[in-house]
Amino acid sequence: MKDIKFMQNIRQWIYTFLLIVTCFVASPIIFRQIWKSSKDVAPTSSKKPPVIDINNTGTQPVETIPSTENISGFIEENTQPVTEQETIEPAPVFVQSDPSYFDDALFIGDSRTVGIYEYGTLKNADYFCSVGLASYKVPNEYDANGLTIYDKLSNNNYGKIYIMLGINEVGNDFTYTVNSYLNLISTIKQYQPDAIIYIMANLHVSAERQLQGDSVTNENINALNQAQSEFADNHSIFYIDVNQIFDDTDGNLMYECSNDGVHVLAKYYQTWCEWLCKNTIPVNTPEETTAVINTDVNSGGFVDTSVYNEVPAVNNDYIADDPYIDYGGNYEWNY
């Protein structure tokens, strides 16, 4: 019995010994095969991704993705990334011109423009203006010679056309007023496609005038001016704002410049004309320009529209026998 157990122990030792010897002999072969296999595997790229600097407005380099398809949304091989940029129209550069710049100009406007005509220095310009004029009234208006706006636009070649309308319409439906103004610009473009159009901001009123409690407020005027300014494209239509020379620190027409809070005094129309000369767009007559001043549509004719939502006229104290105010008006502002 002892002999059998001893023989079993001998066999276990022999098996253990053979297993150790086998592992010892086979391990170099196994390790060599593992090493060889690891060399056949492509190493992981150690290239770091591009670092994006959020303070840098330039385009960061990106890796291109190989592709054989030319489909929107995929980047072809060796192509550069495309970045969208917002198109910003350059600000217009206004220059100083002499009064001869306005020899081929037409002014369209209400009583403020009548003031430029009567008291200003641009005597060679043409005028289509009257007390109480509004954009929707222009088609049915006549000048002192019995001519309509169509007559003037058809029979003359204007290089510049200035428009200042809106004070008589601030109490009307806003959309209707803006569309009427746009309609006027469209008609001008149809008849005078080469003319430079100047959209003139409506003059502010005084703080005292606003206390009357009607719709003639600078808040309403500014809203209308903003809407009109958006028609400017800085190519053939430009927006200019004379309020910068007549406003007080609160953005109201200066008390010293006006008697009625709506119109500037007669002596200031010369100042207004001097400002217009300093804010002109150069044309193909470089001899007219001197120094650069740093200052900060459509086709179709008039439509037959009728006004609505008009506000009753308000009488204003003004210069005695002043020709700009029609005190007989019953349904609208007459400026």
Side-chain angles (χ1 to χ4, degrees), residues 94-135 138 141-145 147 149 152 156 158-168 184 188 192 195-206 221 225 228 238-247 253-254 256-283 285 288-291 293 295 316 318-326 334-335:
F94 295 103
V95 301
Q96 170 80 56
S97 297
D98 61 42
S100 65
Y101 178 89
F102 299 87
D103 289 352
D104 63 348
L106 170 66
F107 283 81
I108 302 173
D110 48 45
S111 58
R112 277 90 168 267
T113 303
V114 174
I116 295 176
Y117 170 69
E118 292 286 348
Y119 300 129
T121 56
L122 307 177
K123 298 303 184 181
N124 291 333
D126 198 3
Y127 291 85
F128 189 86
C129 54
S130 64
V131 173
L133 189 61
S135 55
V138 171
E141 190 77 10
Y142 296 87
D143 69 0
N145 298 316
L147 300 177
I149 190 64
K152 286 184 172 290
N156 297 281
Y158 296 112
K160 309 97 187 176
I161 298 178
Y162 288 78
I163 310 170
M164 184 176 177
L165 293 167
I167 184 64
N168 294 298
L184 171 61
I188 292 172
Q192 299 282 334
I196 298 174
I197 297 177
Y198 291 88
I199 297 175
M200 301 174 66
N202 287 282
L203 194 68
H204 288 151
V205 296
S206 68
I221 292 173
N225 284 346
Q228 293 174 348
F238 299 87
Y239 177 76
I240 55 176
D241 189 347
V242 73
N243 285 300
Q244 59 184 279
I245 67 172
F246 293 128
D247 275 356
L253 177 62
M254 284 188 290
E256 299 81 1
C257 292
S258 176
N259 277 348
D260 69 344
V262 177
H263 307 82
V264 296
L265 298 174
K267 63 181 179 180
Y268 289 114
Y269 284 103
Q270 180 176 348
T271 305
W272 193 334
C273 290
E274 291 173 354
W275 180 87
L276 288 172
C277 288
K278 291 181 179 181
N279 292 272
T280 63
I281 297 297
V283 292
T285 52
E288 293 184 359
T289 62
T290 55
I293 306 296
T295 61
N316 296 278
Y318 193 43
I319 302 174
D321 299 325
D322 181 79
Y324 303 159
I325 300 287
D326 179 5
N334 289 285
Y335 299 134

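- Annotation: side chain of V262 is in contact with side chain of R112 (closest heavy-atom distance under 4.5 Å).
- Of the possible polar contacts, one joining the N202 side chain to the L165 backbone as a donor-acceptor pair under 3.5 Å is found.
- Side-chain contact between L276 and M200 is present, with at least one heavy-atom pair separated by less than 4.5 Å.
- By the ring-ring contact (aromatic ring centres under 6.0 Å, His included) test, F128 is found to be paired with no residue, residues two or more places apart in sequence or in another chain being considered.
- Annotation: the span from C273 atom SG to K123 atom NZ amounts to 8.0 Å, rounded to 0.5 Å.
- With sequence neighbours excluded, no residue forms a side-chain hydrogen bond (donor to acceptor under 3.5 Å, both in side chains) with E274.
- Within the 4.5 Å cutoff, no side-chain heavy atoms of Q192 are placed close to those of L106.
- To the nearest 0.5 Å, the span separating CD on Q96 from CG on N279 amounts to 9.0 Å.
- Residues I240 and F94 have side chains in contact (heavy-atom distance under 4.5 Å, counting atoms from C-beta outward).
- Proximity of C277 to F102: side-chain heavy atoms (C-beta onward) are separated by under 4.5 Å at one or more points.
- For the atom pair S206 OG and D260 CG, the distance stands at 8.0 Å (nearest 0.5 Å).
- Nearest approach of S111 to H263, heavy atoms of both residues: OG-NE2, 2.7 Å.
- Minimum interatomic distance between I281 and Y101 (heavy atoms only, all atoms of both residues): O-OH, 2.7 Å.
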Query raised in the report: How far apart are the C-alpha atoms of I163 and Q228, what are their side-chain angles, what is the distance that settles it, and do they pass the side-chain contact (heavy atoms from CB on, under 4.5 Å) test?
Result: CA-CA 10 Å; I163 310 170; Q228 293 174 348; over 6 Å; no

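- When all heavy atoms of D241 and W275 are compared, the pair lying nearest together is O-CZ2, 3.3 Å.
- Aromatic ring orientation, F238 versus Y198: tilted (interplanar angle from 30° to 60°).
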Requested in this report: For I188 and Y158, run side-chain contact (heavy atoms from CB on, under 4.5 Å): C-alpha distance rounded to whole Å, both residues' side-chain angles, the deciding distance at 0.1 Å, then the answer.
Outcome: CA-CA 10 Å; I188 292 172; Y158 296 112; over 6 Å; no

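- Looking at I245 and Y268, their side chains never come closer than 4.5 Å, going by heavy atoms from C-beta outward.
- Aromatic ring orientation, Y269 versus Y119: tilted (interplanar angle from 30° to 60°).
- Within the 4.5 Å cutoff, the side chain of S100 has no heavy atoms near those of the N124 side chain.
- Residues L203 and N243 form a side-chain contact, since some pair of their non-hydrogen atoms from C-beta on lies under 4.5 Å apart.
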Requested in this report: For the pair F107 and L122, evaluate side-chain contact (heavy atoms from CB on, under 4.5 Å) and give the outcome as yes or no after the intermediate values.
Outcome: CA-CA 10 Å; F107 283 81; L122 307 177; 3.9 Å; yes

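- Taking CD from E141 and OG from S135, the interatomic distance works out to 12.0 Å, rounded to the nearest 0.5 Å.
- For the atom pair CG (D104) and CD1 (I161), the distance works out to 9.5 Å, reported to the nearest 0.5 Å.
- Heavy-atom minimum distance, T280 versus S97: OG1-OG, 2.7 Å.
- To the nearest 0.5 angstrom, I149 atom CD1 is 12.5 Å from Y142 atom OH.
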